[in-house]
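For the numbers below, each heavy atom of this structure counts, side chains included, while hydrogens, waters and symmetry mates do not.
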Amino acid sequence: CGVDPAGFAAQGLDGLGEEADIVARLHGYVKPYDVVALMTVLPTTADAFTQFGSAWVTVPASAAGNGRRRHLLLLSPAHAVPADTVALLLRQTYHQVVLATAGKSESHALR
């Protein structure tokens, strides 16, 4: 996401696997499509995407055509994720962060 085809090929991103460390690629922020991509695989939100069967496409796994992978291309307004589903995920995440950081010293408090 956020990389043009030439950059994707030049960086060899088609070779990244499940265990790839992508932290350095986030550039300090998360974009809306990152949240949606995560939501497609989370057990609590994946069901919101079952209604978009027509949005699934199969493409070559790499520019060399080695294998094929399925991708979910949510490109039309009909593929919009319900706002309440997104709000619930963000609310749950916020609560989990608060609970996980409760009791930490004030010097580590979010500002």
Side-chain angles (χ1 to χ4, degrees):
C1 294
V3 177
D4 64 37
F8 192 87
Q11 297 175 49
L13 298 178
D14 61 335
L16 293 178
E18 293 177 18
E19 303 300 320
D21 181 5
I22 64 165
V23 172
R25 300 183 185 285
L26 295 177
H27 305 294
Y29 55 89
V30 177
K31 294 183 179 177
Y33 52 74
D34 296 320
V35 174
V36 172
L38 179 62
M39 291 177 67
T40 65
V41 296
L42 290 175
T44 57
T45 54
D47 286 345
F49 297 89
T50 58
Q51 63 186 327
F52 304 135
S54 64
W56 283 98
V57 297
T58 302
V59 297
S62 71
N66 300 332
R68 299 184 68 71
R69 294 217 174 120
R70 292 187 69 211
H71 289 272
L72 184 61
L73 299 179
L74 304 171
L75 303 175
S76 77
H79 297 140
V81 180
D84 59 337
T85 302
V86 177
L88 178 61
L89 173 66
L90 295 174
R91 186 171 31 256
Q92 289 171 339
T93 302
Y94 173 79
H95 289 157
Q96 289 173 357
V97 169
V98 169
L99 291 173
T101 58
K104 302 284 183 190
S105 72
E106 286 297 316
S107 65
H108 293 91
L110 296 175
R111 299 178 198 271

>> As a test of understanding, state which of Asp34, Val36, Val35, Leu42 forms a side chain to side chain contact (heavy atoms under 4.5 Å, CB included) with Leu38.
In response: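 The residue from Asp34, Val36, Val35, Leu42 that satisfies side chain to side chain contact (heavy atoms under 4.5 Å, CB included) with Leu38 turns out to be Leu42.
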
>> For a 4.5 angstrom cut-off between non-hydrogen side-chain atoms, does Leu89 reach Thr93?
In response: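 Leu89 vs Thr93: side chains touch.
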
[X]-[Y] co-clustered via ILVMFWY side chain contacts under 4.5 Å:
X: Leu75; Y: Val57; result: yes
X: Leu88; Y: Met39; result: no
X: Phe52; Y: Trp56; result: yes

> Looking only at heavy atoms, which two atoms of His79 and Leu73 are closest? And how far apart?
Replying inline: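 Distance-wise, the nearest heavy atoms are ND1-O, 3.9 Å.
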
>> Restricting to non-hydrogen atoms, name the atom on Ala55 and the atom on Leu74 that form the minimum distance, rounded to 0.1 Å.
In response: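 So the minimum-distance heavy-atom pair works out to CB-CD2, 4.0 Å.
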
> Out of curiosity, Thr40 OG1 to His71 NE2, how far, rounded to the nearest 0.5 Å?
Replying inline: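 With rounding to 0.5 Å, OG1 (Thr40) is 11.5 Å from NE2 (His71).
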
